[in-house]
Amino acid sequence: MSDNKKQKRRIYKPKSISGFPEWLPEIRRAEQVWFEHIQKVFESYGFCNIETPSVETLDTINAKGGDGGADVDKEVYILERLHKDESDKEARLALHFDQTIPLARYTAQHFNDLVFPFKRYQMQRVWRGERPQAGRFREFYQCDIDVINVDQLPLHFDAEMPAIIWEVLSSLPGMENENIQIRISNKAILIGLFQHLEIKNNISEITRIIDKKAKTTEEQYVKSMLENGLNVKQIEQIEDVITSKNIKDIPYYNNDMEDGIAELSFVLEQLSHLPEGAVVADLSIVRGLDYYTGTVYETVFNKDPSYGSICSGGRYDDLASNYINKKLPGVGISIGFSRLFDCIRAKGQLPDLGKSPADILMILPSEKRRKTASQTARLLRNRGYNVELSHGGKIKRQLAYAQKKGIAYVWFPPFEDGLDHEVKNMNTSEQKPASPNEWSKND
RNA sequence: GCGACCGUAGUUCAGCUGGUAGAACACUCGGUUGUGAUCCGAGACGUCGCGGGUUCGAGCCCCGUCGGUCGCCCCA
């Protein structure tokens with residue numbers, strides 16, 4: 001190629017798109033291991049998998065409406081054709097920003113064909129148009145489990161969710177030294193309290209302040225509460241409730257509160273087999289999407305709660321009332337997979353799985369030996385090993401290739417008929433004769 | 001949506017008070033004949049994010065713009 005021609009070629013320098021993470025093969029391998037692990041635990045509890053399209057119609061997304069709707073709207077990404085002209089009337093499509101709305105729509109749509117209680121898990125990407133920052137993405141994975149039933153859903157499911165989550169999170173490779181905590185509350189308690197205190201205005205603002213209490217000073221907290229129309233006595237009564245160390249000590253003033261406390265203590269009791277501190281009541285958890293009505297969950301790194309929740313969820317009385325004329329209560333929880341994964345990745349705690357899934361690199365000594373090499377590779381694959389047939393070239397390059405890719409064993413087929421196969425362990429540098437029919441990693 | 005900081009080879013960065021670019025790592029090849037990580041040698045790779053301005057002259061100064069990082073908001 002001439003220099004002229006070379007200069008004319010315009011290079012569009014690739015740049016990462018903020019908030020849309022992508023990984024090198026070695027990281028992606030760990031990510032896949034995580035997915036497999038989560039899937040395995042979910043399925044061990046009998047949850048089945050579904051996958052829904054990346055998009056929902058805008059109508060479906062908007063049907064949720066309510067007070068949460070407006071805020072959520074701003075975060076929704078729209079998918080449309082580049083050359084769409086004004087007259088096109090096709091339905092506008094929205095990339096889903098969670099997996100709960102798709103689940104609601106799915107359940108309503110396939111109501112006749114589903115078996116209830118419907119227990120499903122879903123591990124897909126979701127999209128949110130926010131400013132990315134540490135632990136916060138615009139495209140990320142969530143791993144959701146939900147149980148949905150018709151008319152009534154037994155309360156024990158509220159306890160099953162955190163039990164499953166604890167099992168998943170505490171055993172993910174790389175999480176060994178992490179101290180996580182699932183915090184549980186019940187929205188009925190605060191709702192009942194607000195009713196009792198006759199708080200009717202600025203409820204969402206007040207709950208937000210309560211939620212952020214841990215991050216602010218006492219002075220600021222009281223000041224913002226006063227600014228939102230509360231009086232000192234109300235603030236004190238709220239304080240009594242949300243700081244109760246023991247559920248039995250929570251004062252209650254009406255049925256809502258009593259029910260909420262009863263539910264919360266039932267759920268906690270069901271979880272008493274978990275290690276101390278794994279699951280705790282925390283009445284200051286009031287955030288989360290507005291459709292939660294009872295139990296709510298939030299999960300944090302105990303040492304760094306400010307990283308944000310890595311797993312949240314709760315109970316909703318009526319998941320799909322906007323899509324079907326049935327009462328479908330449910331309870332679910334969602335692992336913020338990408339947030340969690342990225343945190344463990346950044347700390348360098350992911351297991352080192354190498355850049356390749358291959359167990360063995362089959363050396364190609366020369367073109368003449370290709371047949372032997374590929375036959376041996378096939379044989380070993382049939383025995384369950386992952387075997388990459390080398391691209392050939394100098395032996396030293398082939399070995400260097402295996403080393404760079406982190407392939408643990410290099411297999412030398414006989415260089416001439418009548419000679420032995422040999423296997424080299426790249427970690428110990430040990431090399432010895434081997435039989436393709438009998439060799440194992442422990443040899 | 002608001003605020004702070006940043007933008008030079010594939011990557012991490014250096015570049016003196018403005019005089020037209022360097023290092024390390026990574027990459028390719030070589031150090032003969034069947035064996036990696038080290039070592040040695042050679043090579044390739046940048047219109048210094050983009051656009052304008054000031055200047056005899058700008059990677060360095062000014063303005064704009066786009067992108068990135070981190071806070072806030074909100075959330076997984």
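Protein chains get the first letters and strands the later ones, always in sequence-line order, with residue 1 at the start of each.
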### Message
Side chains of A/His421 and A/Trp411 only: does a donor on one sit below 3.5 Å from an acceptor on the other?
### Response
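Yes, A/Trp411 and A/His421 have a side-chain donor paired with an acceptor closer than 3.5 Å.
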### Query
Is a side-chain donor-acceptor pair under 3.5 Å present for A/Gln122 with A/Tyr106?
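No pair is found: no donor N or O on one side chain lies under 3.5 Å from an acceptor on the other.
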Mind calculating the distance between [atom1] ([X]) and [atom2] ([N]) to the nearest angstrom?
| X | N | atom1 | atom2 | value |
| --- | --- | --- | --- | --- |
| A/Glu75 | B/C75 | CD | C1' | 7 Å |
| A/His96 | B/A76 | NE2 | P | 14 Å |
| A/Gln220 | B/C72 | CD | P | 13 Å |
| A/Leu24 | B/U11 | CG | C1' | 11 Å |
| A/Phe97 | B/C75 | CZ | P | 11 Å |
| A/Arg183 | B/A76 | CZ | P | 16 Å |

### Message
Using a 4.0 Å heavy-atom cut-off, does A/Ser334 contact any base of the nucleic acid, only the sugar-phosphate backbone, or nothing at all?
### Response
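A/Ser334: no heavy atom of the nucleic acid under 4.0 Å.
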### Query
How is A/Ile17 classified with respect to the nucleic acid when contacts are heavy atoms under 4.0 Å: base, sugar-phosphate, or nothing?
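Result for A/Ile17 = sugar-phosphate.
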Within the sub-3.5 Å range, which N or O atoms of nucleotides 2-7 of chain B have a protein N or O partner, and how far apart are they?
unit_1	atom_1	unit_2	atom_2	d
B/C2	N4	A/Arg131	NH1	3.4

### Query
Going by the angle between their ring planes, with limits at 30° and 60°, are A/Tyr385 and A/Trp439 parallel, tilted or perpendicular?
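Geometry flag for A/Trp439 against A/Tyr385: tilted rings.
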### Task
Kindly assign one of parallel, tilted or perpendicular to the pair A/Tyr292 and A/Tyr316, based on the angle between their ring planes and the thresholds 30° and 60°.
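Aromatic pair A/Tyr292/A/Tyr316 classed parallel.
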### Message
Salt bridge or not between A/Glu438 and A/Arg383? Use side-chain N to carboxylate O under 4.0 Å.
### Response
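Salt bridge absent between A/Glu438 and A/Arg383.
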### Message
Salt bridge or not between A/Glu263 and A/Arg315? Use side-chain N to carboxylate O under 4.0 Å.
### Response
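Looking at A/Glu263 and A/Arg315, the cut-off is not met.
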### Message
Generate the contact string for nucleotides 27-37 of chain B. Rules: B means base contact, S means sugar-phosphate contact only, - means no protein heavy atom under 4.0 Å.
### Response
SS-SS--BBBB
### Message
So if I take every side-chain heavy atom of A/Ala134 and compare against B/A76, B/C74, B/C70, which nucleotide ends up nearest?
### Response
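Nearest listed nucleotide: B/C70.
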### Task
Tell me which nucleotide among B/G68, B/A76, B/C74 gets nearest to the side chain of A/Ser18.
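From the listed options, B/G68 comes nearest.
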### Query
If the P atom of B/U12 is compared with that of B/C70, how far apart are they to the nearest Å?
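The answer is 14 Å between these two P atoms.
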### Message
Say we look at B/C72 and B/C40: how far apart would their P atoms be, to the nearest angstrom?
### Response
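Approximately 48 Å lies between the P atom of B/C72 and that of B/C40.
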### Query
For A/Arg138 and A/Thr299, take the nucleotide of RNA chain B holding the closest heavy atom to each; which residue's nucleotide lies nearer the 5' end?
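The residue mapped nearer the 5' terminus is A/Arg138.
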### Query
Under the criteria of a ring-centre distance below 5.5 Å and an interplanar angle below 30°, is A/Phe137 stacked with the base of B/A76?
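No, A/Phe137 does not stack on the base of B/A76, since the centre distance and plane angle fail the 5.5 Å and 30° test.
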#### Entry: Contiguous pairing runs of three or more, Watson-Crick or G-U under 3.5 Å, that involve RNA chain B
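Correct response: B:1-7 with B:66-72, B:10-13 with B:22-25, B:27-31 with B:39-43, B:49-53 with B:61-65.
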